[in-house]
Amino acid sequence: MKISLEQILEGKERIALGGHIRPDGDCVGSSMGLYLYLTEQYPQLHVDLYLEEIPKSFEILSRTNEIKHSIVDDQEYDLFICLDCADKQRLGFSGVLYETAKHTLCIDHHISNGAFADINYIKPDASSTSELVYGLLDKDKISKSCAEALYMGIAHDTGVFQYSCTSPETMEAAAELLRKGIHGSEIIDKTYYEKTYSQNQVLGKALLESKLMCENKVITSILSKKDMEFYNVVPSDLDGIVAQLRQTQGVEVAIFLYELDSNEYKVSLRSNGIVDVSEVAQSFGGGGHVRAAGVTMKGTPDEIIHAIAEQISAQLRERG
Ligand code: 5GP
Ligand code: MN
């Protein structure tokens with residue numbers, strides 16, 4: 001059921017917004033969009049946005065300098081709004097503010113979301129959390145800056161209006177946002193397609209060293225911490241690598257690993273549709289969507305890939 005932002009804000013004075021660790025385009029787009037809307041339309045409210053450091057390219061959005069990257073004092077909020085966050089742990093450093101807030105609201109589109117907040121607005125069919133936020137706002141009151149943030153979020157989570165999660169409603173939302181006078185193509189170019197030289201080098205390395213398995217239906221690639229130091233890249237620079245791996249002819253699932261710590265890897269999974277990678281990620285404690293999911297796992301890359309491939313093979317046998 002659709003919620004009313006007006007009703008939820010009633011009687012609240014101090015609001016905190018928070019998104020998931022290693023914030024991506026939809027996380028930043030949805031939370032910045034809502035932050036801009038609330039501060040512009042409800043000047044009487046005290047609103048703070050908490051996110052980890054965001055990719056530099058996202059700084060083209062207005063007022064990203066106001067994002068709080070740490071907790072200063074003992075802050076208590078009347079309402080904490082989690083955005084694009086499938087579980088509480090994914091909030092990272094802002095989780096303590098969630099725990100102490102008087103009320104909580106979760107706006108999300110992950111199929112793995114277990115509805116952990118007081119009020120949950122979760123639509124797994126929605127393209128993005130940014131599209132959900134758009135649906136909660138009064139269209140006439142959306143400013144150009146707010147529209148830029150939401151458009152960026154929708155564009156990122158749909159792979160630029162291309163993935164199967166792109167619905168007629170998604171395109172209608174994007175059209176309305178474009179009518180606010182934003183430069184859609186510039187936002188997409190600067191925040192989605194444009195890569196630094198190092199990012200392209202590391203993408204090249206990942207593709208060059210990728211391996212096919214499971215009768216060429218699964219592709220894998222691994223980046224070690226040493227590689228990341230050598231190419232001078234951070235985890236957010238690796239966005240897009242797994243999507244490119246998935247676009248290999250004949251491949252059903254792409255598995256991309258990068259090292260977080262010794263014997264600990266962040267795993268990104270992408271599926272062409274037959275395999276439900278959210279199910280795979282959830283079985284190891286992660287989550288996500290049917291076609292895009294992630295998890296953090298311990299072990300050697302071989303052990304991790306073997307464990308994941310076993311499940312993928314089982315699904316391929318059942319459904320392939
Ligand atoms: P990515 O592979 O780009 O990091 O993530 C793909 C999708 O899975 C995103 O929607 C992301 O929010 C979700 N995801 C990634 N890692 C995790 C994780 O460790 N836990 C959960 N619950 N979701 C994740
Ligand atoms: Mn999202």
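Counting convention: from 1, in listed order, for ligands and their atoms alike. Just so we're clear, the structure is a prediction, and the values are computed from it rather than from any experiment.
The protein heavy-atom contact nearest to atom 3 (O) of ligand 1 is Arg270 NH2, 2.8 Å. Residue, atom and distance of the protein heavy atom nearest to atom 11 (C) of ligand 1 are Arg90 NH2, 3.5 Å. Scanning the protein heavy atoms around atom 19 (O) of ligand 1, the nearest turns out to be Val295 CA, 3.6 Å. The nearest heavy-atom contact from the protein to atom 15 (C) of ligand 1 is Gly294 CA, 3.4 Å. The protein heavy-atom contact nearest to atom 21 (C) of ligand 1 is Gly287 N, 3.2 Å. Nearest non-hydrogen protein atom to atom 7 (C) of ligand 1 is Ala292 O, 3.5 Å.
For Asp157, the N/O/S atom at the shortest distance from the Mn ion (ligand 2) is named OD2. Distances from the Mn ion (ligand 2) to the N/O/S atoms of Asp26 are shortest for OD2.
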*Any chance you could lay out the ring-ring contact (aromatic ring centres under 6.0 Å, His included) test for Tyr151 and Tyr192, step after step, and finish with the verdict?*
CA-CA 12 Å; Tyr151 189 87; Tyr192 191 87; over 10 Å; no
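Considering backbone and side-chain atoms together, His289 places an N or O closer than 3.5 Å to an N or O of ligand 1. Distances between N or O atoms of Asp87 and those of ligand 1 include at least one value under 3.5 Å. Taking only nitrogen or oxygen atoms, main chain and side chain alike, His110 reaches within less than 3.5 Å of ligand 1.
When atom types are taken as modelled, the side chain of Asn272 and the backbone of Val251 share a donor-acceptor pair closer than 3.5 angstrom.
At a cut-off of 3.5 Å, with distance as the only test, a side-chain donor of Ser130 or Asp26 sits close to an acceptor on the other residue. Counting only N and O atoms by type, the side chains of Asp237 and Tyr231 include no donor and acceptor under 3.5 Å apart. In the model, Gln162 has no side-chain atom that pairs as donor or acceptor with a side-chain atom of Thr166 under 3.5 Å. The closest side-chain donor-acceptor pair between Ser57 and Glu194, if any, does not fall under 3.5 angstrom. In this model, a donor atom of one side chain and an acceptor atom of the other lie less than 3.5 Å apart for Tyr35 and Glu66.
One of the N, O or S atoms belonging to Asp84 lies under 2.8 Å away from the Mn ion (ligand 2). The Mn ion (ligand 2) lies under 2.8 Å from an N, O or S atom belonging to His109.
For ligand 1, the atoms closer than 4.0 angstrom to any heavy atom of Ser268 are 1 (P), 2 (O), 4 (O). Near Lys266, the atoms of ligand 1 lying under 4.0 angstrom from a non-hydrogen atom of the residue are 1 (P), 4 (O), 15 (C), 16 (N).
Ring centers of His289 and Tyr163: at least 6.0 Å apart, outside the cut-off.
For the side chain to side chain donor-acceptor pair (under 3.5 Å) with Thr191, the lone residue among His156, Lys56, Glu186 that qualifies is His156.
Salt bridge present: Asp78 and Lys102 bring a charged side-chain N and a carboxylate O closer than 4.0 Å.
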